[in-house]
Amino acid sequence: MELFSNTFRDLENSLDYSSMKQKVISQNIANVDTPNYKAKNVTTSSFKEALQASMDNYRTDQRHFEFSTKNNGSAIVTQQNVTYNNNGNSVDIDKEMTALATNQIYYNAVTDRLSGKFSSLQNVIRGGK
């Protein structure tokens, strides 16, 4: 029996994604003047999802443990063929600041939803009082 629904796991993965994105954006902003620095981005990895799906298909008995990973499928990729400045740097500060604000809004929405789920759980534990 599962105490929590899959919503908690999805919200946890969303917070992990937002944290990873925050680190990558911070690295890009910190290296805005570094020559030949290539901007990085966080994407979801479809290869890992495909690999996970194929591994699930090869279970020969339902009593075998399922393959599960803690990773939420996010990966950091470097944008190689883009150059914005004469020194070979590919960081666009306006784009990074926009991504930072977007990620902050995303993080606030996820934490608000997670707080609501815990409030509902607390209400149930108290018997609705």
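Every heavy atom of this structure was used, including side-chain atoms; hydrogens, water molecules and symmetry mates were not. Numbering starts at 1 and runs along the sequence shown.
- Ile105 and Met20 are assigned to two separate hydrophobic clusters, defined by single-linkage of ILVMFWY side chains at heavy-atom distances under 4.5 Å.
- For Ser19, the side-chain contact (heavy atoms from CB on, under 4.5 Å) test picks out Lys23, with sequence neighbours left out.
- A donor-acceptor pair under 3.5 Å links the side-chain atoms of Asn103 to the main chain of Ser18, judged by distance alone.
- Between the Ser120 side chain and the Gly116 main chain, a donor and an acceptor come within less than 3.5 Å of each other.
- In the displayed structure, Tyr107 atom OH is contacted under 6.0 Å by at most 12 heavy atoms of other residues, nucleotides or ligands.
- Between the CG atom of Asn123 and the CZ atom of Phe118 there is a distance of 15.0 Å, given to the nearest 0.5 Å.
- Defined by atom type and a distance below 3.5 Å, a donor-acceptor pair is missing between the side-chain atoms of Lys38 and Asn89.
- Through ILVMFWY side-chain contacts below 4.5 Å, Val124 is grouped with nothing and stands alone.
- Take Asp33 and apply the side-chain contact (heavy atoms from CB on, under 4.5 Å) test, not counting sequence neighbours, and it matches no residue.
- Shown here are the side-chain hydrogen bond (donor to acceptor under 3.5 Å, both in side chains) partners of Asn87, two or more places apart in sequence or in another chain: there are none.
- Clustering of Ile, Leu, Val, Met, Phe, Trp and Tyr by side-chain heavy atoms under 4.5 Å joins Tyr37 with Ile25, Ile29, Val32, Val91, Ile93, Met97, Leu100.
- Annotation for Lys21 and Val42: closest pair CA-CG2, 3.8 Å, computed over non-hydrogen atoms.
- Considering all non-hydrogen atoms of both residues, Asn28 and Ala39 come closest at OD1-CA, 3.6 Å.
- For residues 108-118, the set of pairs meeting the side-chain hydrogen bond (donor to acceptor under 3.5 Å, both in side chains) definition, not counting sequence neighbours, comprises Gln104-Asn108.
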